[in-house]
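All chains are named by letter (A, B, ...) in the order of the sequence lines, taking the proteins before the strands, and each is independently numbered beginning at 1. Worth saying up front: this structure is predicted, and the values here are computed from it rather than measured.
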Amino acid sequence: MSVVTRIAPSPTGDPHVGTAYIGLFNHTLARQGGGKFILRVEDTDRNRYVPDSEKRIFQMMAWLGLTPDESPLQGGPNGPYRQSERFDLYGDYARRLVASGHAYYAFETAEELTALRAAAQAAGHVIAVPSRDLDPAAAQTRVEAGEAAVIRLRVPAAGETVVNDLLRDPIHFQNREIDDKVLLKADGFPTYHLANVVDDHLMGVTHVVRAEEWITSTPIHVLLYRAFGWHEPVFAHMPLLRNADKSKISKRKNPTSVEWYQQQGFLPEAMLNFLATMGWTHPDGLEVFDLEEFGRVFRLQDVTLGGPVFDQAKLRWYNGKYLREVLSADEVARRLHAFLAGQKTELPYDDYFRAVVRLMTPRLEVFSEFLEKTPYFWSETYPVTEKAQAAIDGARDLLPELAATLKNVPTFDAAGIKAAFAAFAEQKGLKLGKVMPPVRAAVAGTMESPDLPELLATLGRDRVVSRIVKMGS
RNA sequence: GGCCCCAUCGUCUAACGGUUAGGACACUACCCUUUCAAGGUAGCGAUACGGGUUCGAAUCCCGUUGGGGUCACCA
């Protein structure tokens, strides 16, 4: 049997890193099994719906390269893939459950439920919904008369429901501790539980891989599969990504929008690699590996269950690693150029740009650091740090001579410049540490910059000489 | 609070009854060096606690503690 997985995000806000995380595992699992990976939009809550959210989720998945096989965008044989467009389906299925006695119409108002809940909590048991005991025919009549009602699942009063999770021992839930969840709201929309189960079944989903926060609602889903007489899928609940304090990852304590990481100049490859190590390790101890390699060796059973802290420092390390060891120099330049263009900074994509990028790559973790670290490459009005100014002031007498020397270097490349410095120092009886820093300070305005001969060669003779003359006078 | 899940360095994790408990990030030194990085070398640093089972326990069992999740006509 081939594997069918899915992610089912709700379009309620920013494209979440947790969606990317779960998406990565579902995508990979489907690819391994030669199966399908579905993206289904769960937009059944009209109050929380955010119009452009869905589009941004698609963009996030595309950026990461986790392309679904079926989705609202590309369609597929099991569409539509937006629950709002499957509206009629859910009412039919809910009523089917009412007819079979597995569900019932309930008429309690919000106020009544609040009171009921308070009483139930005080008594230490789950809420008992009075409508559960109504005569079905009478209830039917009230509904037909137009009275507002929801449809609730009739959870067995006794016994237990066992959830089989691929990653842990069977989980036993006492039925008396599960309340009669609403399946169909008064507005006719389904709740998550109903829509999710109906769609997973109709779409042929074989493996439900989702976050741990769903464990407690899984017995409800199991009960639904049984009530419908359907086969339940394999469940696997992934650990929750955490903040540094171990709580569930949240906007307040961590950037959770993948767009933020995109804007900071993180690479999708690095993000994916990092995410793959949350709860899983490469069997050979590899730290750096791509999606393909991940798919080659990943096994769901190897996922660890401790909640992994989302550590930005490690993500940044991964990003730097990809910049200097995985991507080619040309690729880094191309991507950085595209990144800058996206940030409304247009620089010519030429040899000069590529040379600067090559020099800066080992000094970069994310693209957003690039411009702030390289002002002197783009303008003659770069800032001069206090330290740099001191270096310049301490070598006023030397600077004009150095300018003259550099002006006459036969070939203005790194080797030629290096030789010129050596000759100059020798002739003056000075150490290189005396003659190079002032030049660096003058041409860059900062002591933190690339190898000096290469830096000078990249800037070019004219710029270098005029800067030294200007700063040294 | 009820129910449920989880528990190895600060962080991500390896170990699948027998290892000086390994690696990576971070941190600290040192090397390289004209600065900052990168790179190299080294160091720091963990089996939450208490009982069992066993010749032998990070690993199996029980309890405690701790952390987390969940208890909506949200997903």
Side-chain angles (χ1 to χ4, degrees), chain A residues 8-12 42-45 47-48 106 108-110 113-114 117 120-122 124-127 148-152 163 165 167-169 171-174 177-179 181-193 195-196 211-219 237 239-240 242 244-248 274 277-283 285-288 304-311 313-318 320-321 324-325 359-365 373 387-388 391 418 421 425 431-441 444 446-453 455:
Chain A
S10 280
T12 53
E42 309 221 325
D43 55 350
T44 54
D45 185 344
N47 300 318
R48 293 206 304 154
E108 286 72 17
T109 64
L113 287 170
T114 306
R117 235 185 306 274
Q121 189 148 14
H125 55 68
V126 131
I127 183 170
V150 300
I151 292 179
R152 284 180 181 272
V163 170
D165 185 298
L167 302 178
R168 41 205 123 213
D169 292 335
I171 308 168
H172 299 254
F173 292 90
Q174 296 306 310
E177 281 164 2
I178 304 171
D179 58 9
K181 281 281 181 298
V182 171
L183 301 178
L184 200 72
K185 307 177 214 175
D187 63 6
F189 273 87
T191 58
Y192 169 81
H193 305 294
N196 191 264
E212 194 179 3
E213 56 186 332
W214 295 107
I215 287 184
T216 41
S217 44
T218 309
H237 290 91
L240 239 24
R242 311 292 182 101
D245 65 3
K246 295 281 189 179
S247 56
K248 174 163 87 168
F274 170 68
T277 66
M278 301 279 90
W280 184 82
T281 322
H282 192 286
L286 280 185
E287 299 287 341
V288 178
T304 59
L305 267 12
V309 170
F310 189 97
D311 180 11
K314 186 132 189 190
L315 210 210
R316 291 176 70 87
W317 173 78
Y318 264 114
K321 198 81 173 161
R324 69 188 102 90
E325 288 181 20
L359 289 184
M360 291 308 296
T361 297
R363 277 158 262 260
L364 241 40
E365 276 189 319
K373 287 190 173 184
K387 253 189 178 160
K418 197 167 178 163
F421 270 116
K431 295 206 168 181
L432 248 17
K434 279 282 177 225
V435 311
M436 290 173 101
V439 175
R440 179 188 300 284
T446 169
M447 305 313 289
E448 299 173 11
S449 40
D451 175 76
L452 191 59
L455 172 56

S.K.: Please report the distance, rounded to the nearest Å, between CZ in A/Phe310 and P in B/G68.
M.R.: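 Spelled out: CZ on A/Phe310 to P on B/G68 is 19 Å.
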S.K.: Could you check which of B/A24, B/C3, B/A75 has an atom nearest any side-chain atom of A/Phe173?
M.R.: B/C3
S.K.: More 5' along RNA chain B: A/Leu113 or A/Trp280, using each one's nearest nucleotide?
M.R.: A/Trp280
S.K.: With A/Trp317, which residues qualify under ring-ring contact (aromatic ring centres under 6.0 Å, His included), at least two apart?
M.R.: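 Scan of A/Trp317 (ring-ring contact (aromatic ring centres under 6.0 Å, His included), adjacent residues dropped) gives none.
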S.K.: Taking only N and O in the side chain of A/Lys185, is any of them less than 4.0 Å away from OP1 or OP2 of B/C74?
M.R.: yes
S.K.: If you find the nucleotide of RNA chain B closest to A/Thr109 and the one closest to A/Ala313, which residue's nucleotide is nearer the 5' end?
M.R.: A/Ala313
S.K.: Mind checking if A/Gly320 touches a base, just sugar-phosphate, or nothing, with heavy atoms under 4.0 Å?
M.R.: nothing
S.K.: Students often get this wrong, so: under 4.0 angstrom with heavy atoms, is A/Gly306 touching a base, only sugar-phosphate, or nothing?
M.R.: sugar-phosphate
S.K.: Of all the choices, B/U11, B/A24, B/A75, which nucleotide is nearest to the side chain of A/Lys314 once you look at every atom?
M.R.: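 The answer is B/A24.
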S.K.: For a quick check of understanding: with a heavy-atom distance under 4.0 Å over all strands, which category does A/Lys431 fall into, base, sugar-phosphate or nothing?
M.R.: nothing
S.K.: When you compare B/A58 with B/C31, how far apart are their C1' atoms, in angstrom units rounded to a whole number?
M.R.: 37 Å
S.K.: Could you give all pairs that pass the side-chain hydrogen bond (donor to acceptor under 3.5 Å, both in side chains) test and reach residues 182-191 of chain A, with sequence neighbours left out?
M.R.: A/Arg46-A/Asp187
S.K.: A/Pro190 near the nucleic acid: base, sugar-phosphate alone, or nothing, with a heavy-atom cut-off under 4.0 Å?
M.R.: sugar-phosphate
S.K.: With heavy atoms under 4.0 Å as the rule, sort A/Met278 into base, sugar-phosphate or nothing.
M.R.: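 Sugar-phosphate contact only - A/Met278 comes under 4.0 Å of backbone atoms but never of a base.
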S.K.: A/Thr12 near the nucleic acid: base, sugar-phosphate alone, or nothing, with a heavy-atom cut-off under 4.0 Å?
M.R.: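 Answer is nothing: A/Thr12 stays at 4.0 Å or more from every strand.
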S.K.: Please pick, from B/G23, B/C6, B/C12, the nucleotide with the shortest atom-to-atom distance to any side-chain atom of A/Thr277.
M.R.: B/C12
S.K.: For nucleotides 43-49 of chain B, print each protein N/O atom paired with a nucleotide N/O atom at under 3.5 Å, atom names and distance only.
M.R.:
none

S.K.: Return the set of residues passing ring-ring contact (aromatic ring centres under 6.0 Å, His included) with A/Phe274 (not counting sequence neighbours), or none when no residue passes.
M.R.: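 With neighbours one apart ignored, the set is A/Phe310.
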S.K.: Might you list the N or O atoms of the protein lying below 3.5 Å from N or O atoms in nucleotides 62-67 of chain B, with each pair's distance?
M.R.:
none

S.K.: OP1 or OP2 of B/A75 sitting under 4.0 Å from any side-chain N/O of A/Ser217?
M.R.: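 For B/A75, neither OP1 nor OP2 has a side-chain N or O of A/Ser217 closer than 4.0 Å.
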S.K.: Look at the side-chain N and O atoms of A/Arg117 and state whether any lies under 4.0 Å from the OP1 or OP2 oxygen of B/A72.
M.R.: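 Indeed, a polar side-chain atom of A/Arg117 lies that close.
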S.K.: Classify the nucleic acid contact of A/Gly285 as base, sugar-phosphate or nothing, counting any heavy atom under 4.0 Å across all strands shown.
M.R.: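 The answer is nothing, as A/Gly285 stays clear of every strand by at least 4.0 Å.
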S.K.: Students often get this wrong, so: under 4.0 angstrom with heavy atoms, is A/Phe421 touching a base, only sugar-phosphate, or nothing?
M.R.: nothing
S.K.: Taking any heavy-atom pair under 4.0 Å as a contact, classify A/Val182: base, sugar-phosphate, or nothing.
M.R.: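 Result for A/Val182 = sugar-phosphate.
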S.K.: Base contacts versus sugar-phosphate-only contacts with protein, heavy atoms under 4.0 Å: please encode nucleotides 29-38 of chain B as B, S and - from 5' to 3'.
M.R.: -----BBBBS
S.K.: Which of the following nucleotides, B/C73, B/A75, B/C25, is nearest to the side chain of A/Asp311?
M.R.: B/C25
